[in-house]
Amino acid sequence: MHVEQLIVSLKDVSELLLPTLGAAVLLFLIFFIRKCSAFVIEATKRIQQLETTVNDINLSLDKAQAPLDTVVKYSDSLDKFHDSATDAMHQASQYVVNKVEDLKSHLKKEDTVQEVTVLNNEGEEIHE
């Protein structure tokens, strides 16, 4: 019997507490939903502010891009000029080396082909 009385009294208490607890939960849910909606509204405002800031930054970057493009063009031109100058110097040095080699070989040929004329003390030619 004691168990039966306990169950009946728990039923009576729960019939009194359940509506009160349900109302408390509903109030908590309403409070929670209001806070969430306020958070979403604030986040939306912040995102819109950030969007404006990002747009301003994009405009600034676009303005800065033109001088950077010019620098890149000059850099490319300078690289091409450097490559051309290096090639020209290499070709010029090869030309000079080849001509010096040709001159050396020509002088060696001339020395071997040409007779050397030597005069003695009396002015007579001696052929060697």
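What you see is a predicted model; the values in this text were computed from it and never measured.
Note that the OG1 atom of T53 and the CD atom of Q48 stand 12.0 Å from one another [nearest 0.5 Å]. A distance of 11.0 Å separates OG of S60 from CG of N55, quoted to the nearest 0.5 Å. The CG atom of L103 lies 12.5 Å from the CG atom of N98; values are rounded to the nearest 0.5 Å. Atom CG of L61 and atom CG of D56 lie 11.0 Å apart (nearest 0.5 Å). Once rounded to the nearest 0.5 Å, the distance linking NE2 of H82 with CG of D79 reads 8.5 Å. Interatomic distance, CD1 of I7 versus NZ of K11, reported as 11.5 Å (0.5 Å rounding).
Across all their heavy atoms, L6 and S9 have their closest contact at O-OG, 3.0 Å. Scanning both residues, S14 and P19, for their nearest heavy atoms gives O-CD, 4.3 Å.
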Hey, mind stepping through D69 and Q65 against side chain to side chain donor-acceptor pair (under 3.5 Å) and telling me if it holds?
CA-CA 6 Å; D69 290 341; Q65 188 63 37; 3.0 Å; yes

Worked check of side chain to side chain contact (heavy atoms under 4.5 Å, CB included) between F32 and C36
CA-CA 6 Å; F32 181 74; C36 286; 3.6 Å; yes

Does T20 form a side chain to side chain contact (heavy atoms under 4.5 Å, CB included) with L16? I'd like the steps, not just the answer.
CA-CA 7 Å; T20 308; L16 292 174; over 6 Å; no

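Listed for the S84 side chain is a donor-acceptor partner under 3.5 Å among the backbone atoms of K80.
The environment of E51 atom CD is sparse: at most 12 non-hydrogen atoms of other residues, nucleotides or ligands sit within 6.0 angstrom.
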